[in-house]
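Step one of this worksheet: look at the structure below.
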Amino acid sequence: MSTGINHIDEAAVKEHGVKLGNTANVQNNSVADVAIGVMIAAAKRFKEGVADIESGEWKFGTNQTLGQDIAGSTVGIVGLGSIGQAIVRRLKGFDVARFLYTGRSDKPEAISLGAERVSLGKLLKESDYVMLGCPFTPETKHLINKEALNKMKRSAVLVNYARGDIVDQEALYEALKEKRIFAAGLDVVTPEPLPKDHPLISLPNCFIVPHLGSSTLTTRNKMAIIAANNVLLALDGKPMQCPIN
Ligand SMILES: *[C@@H]1O[C@H](CO)[C@@H](O)[C@H](O)[C@H]1NC(C)=O
Ligand SMILES: *[C@@H]1O[C@H](CO)[C@@H](O)[C@H](O)[C@H]1NC(C)=O
């Protein structure tokens, strides 16, 4: 009951002739909502603000807890799939100046969305928000490593709604700690669940939620129905509703 299949041993599935299906195409809007939620929370320093309130140290002042704007920014999407497209559709209302994306091929949808395809290096260099939406594969493992983080702006916010292993978390910890980037908003981490003494959790500029992307009643019901249909169709010897070939 997921889109990603990185938790499946594909070689074993193939070897034993097991039919494999996923539940693609129904979680895009729900995940996009969460991606934008953690994007705003990280950019506007919600974690520090909430901690200040809870510890009775609500801070006032013209220079207190200053965050980053979305209006006028450049938003870079790594992997402009259905979730990335849903994010761009939403952010159209936020007066973003420029949408960039990177991926293996031109996305026809990018034209109407007004997103420009660039190299990963250019995207990292020019984006105020770097949104990670690519599938996790051996090629994307630690795609965001120390070198990639060093290319980003000091004021940049990294958002991951794809898979934790796309980011080298030790490098991310260092970059956030040393304020080489501004903040991170993460819906996915490695491992899940993240132990409560994990260094990332201690950082005020790292806003983490526990993989809530598709967790709404409506979306989970849609996913469950597809999963059930996949099983019933496969048992009948028919193609699944969402097969993985
Ligand atoms: C996005 O999700 C909706 C349902 O929430 C679905 O109808 C639509 O086909 C999906 N779009 C894509 C491009 O997957
Ligand atoms: C306001 O904050 C900025 C950035 O942290 C700092 O450089 C500046 O000195 C501060 N100004 C005042 C008046 O406190």
Side-chain angles (χ1 to χ4, degrees), residues 1-8 10 13 19-41 70 74-96 98-118 120 123 127 129-137 139-140 143 159-166 185-188 192 209-234 238-245:
M1 232 177 91
S2 69
T3 300
I5 53 161
N6 57 298
H7 55 298
I8 307 279
E10 287 178 70
V13 162
K19 290 180 189 173
L20 182 62
N22 70 351
T23 59
N25 302 335
V26 289
Q27 47 270 67
N28 56 35
N29 286 319
S30 179
V31 178
D33 291 346
V34 171
I36 288 171
V38 297
M39 171 196 196
I40 294 174
I70 296 178
T74 295
V75 175
I77 315 242
V78 179
L80 189 66
S82 64
I83 299 169
Q85 291 166 29
I87 289 173
V88 176
R89 285 200 305 274
R90 283 160 174 69
L91 289 180
K92 289 273 177 199
F94 282 71
D95 300 329
V96 167
R98 216 153 61 107
F99 289 104
L100 305 177
Y101 76 101
T102 191
R104 277 170 302 181
S105 56
D106 276 338
K107 290 278 179 185
E109 297 88 353
I111 298 165
S112 63
L113 291 170
E116 181 195 344
R117 182 163 168 238
V118 295
L120 177 64
L123 182 144
S127 296
Y129 295 91
V130 173
M131 316 289 284
L132 301 177
C134 54
F136 174 70
T137 64
E139 293 80 54
T140 61
L143 183 71
V159 176
N160 191 2
Y161 49 92
R163 284 294 178 266
D165 279 326
I166 294 168
L186 310 175
D187 185 36
V188 290
E192 291 177 4
V209 293
H211 207 146
L212 298 177
S214 65
S215 63
T216 65
L217 187 59
T218 307
T219 297
R220 284 283 162 81
N221 277 341
K222 286 182 187 165
M223 292 166 73
I225 288 167
I226 295 176
N229 282 337
N230 279 347
V231 171
L232 294 174
L233 287 164
K238 292 178 186 149
M240 291 186 182
Q241 185 176 343
C242 287
I244 303 275
N245 295 316

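Fair warning: this is a prediction, and the values are worked out from it, not measured in the lab. Both counts, for ligands and for their atoms, begin at 1 and track the order of listing.
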Kindly determine whether Asn25 and Ile226 satisfy side chain to side chain contact (heavy atoms under 4.5 Å, CB included), including the steps that lead there. CA-CA 10 Å; Asn25 302 335; Ile226 295 176; over 6 Å; no
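- Distances below 4.0 Å separate heavy atoms of Ser82 from the following atoms of ligand 1: 12 (C), 13 (C), 14 (O).
- Among protein heavy atoms, the minimum distance from atom 12 (C) of ligand 1 is reached at Asn28 ND2, 2.9 Å.
- Nearest to atom 4 (C) of ligand 1 among the protein's heavy atoms is Lys222 NZ, 3.7 Å.
- For atom 6 (C) of ligand 1, the closest non-hydrogen atom on the protein side is Asn25 O, 3.5 Å.
- A donor-acceptor pair under 3.5 Å links the side-chain atoms of Ser30 to the main chain of Gly213, judged by distance alone.
- The closest donor-acceptor contact from the side chain of Tyr101 to the backbone of Gly84 lies at 3.5 Å or more, if one exists at all.
- In this structure, the side chain of Thr216 engages the main chain of Thr219 through a donor-acceptor pair within 3.5 Å.
- Proximity of a side-chain donor or acceptor of Asn230 to a complementary backbone N or O of Met240 within less than 3.5 Å is not detected.
- Close contacts of ligand 1 with Val26, meaning ligand atoms under 4.0 Å from a residue heavy atom, involve 5 (O).
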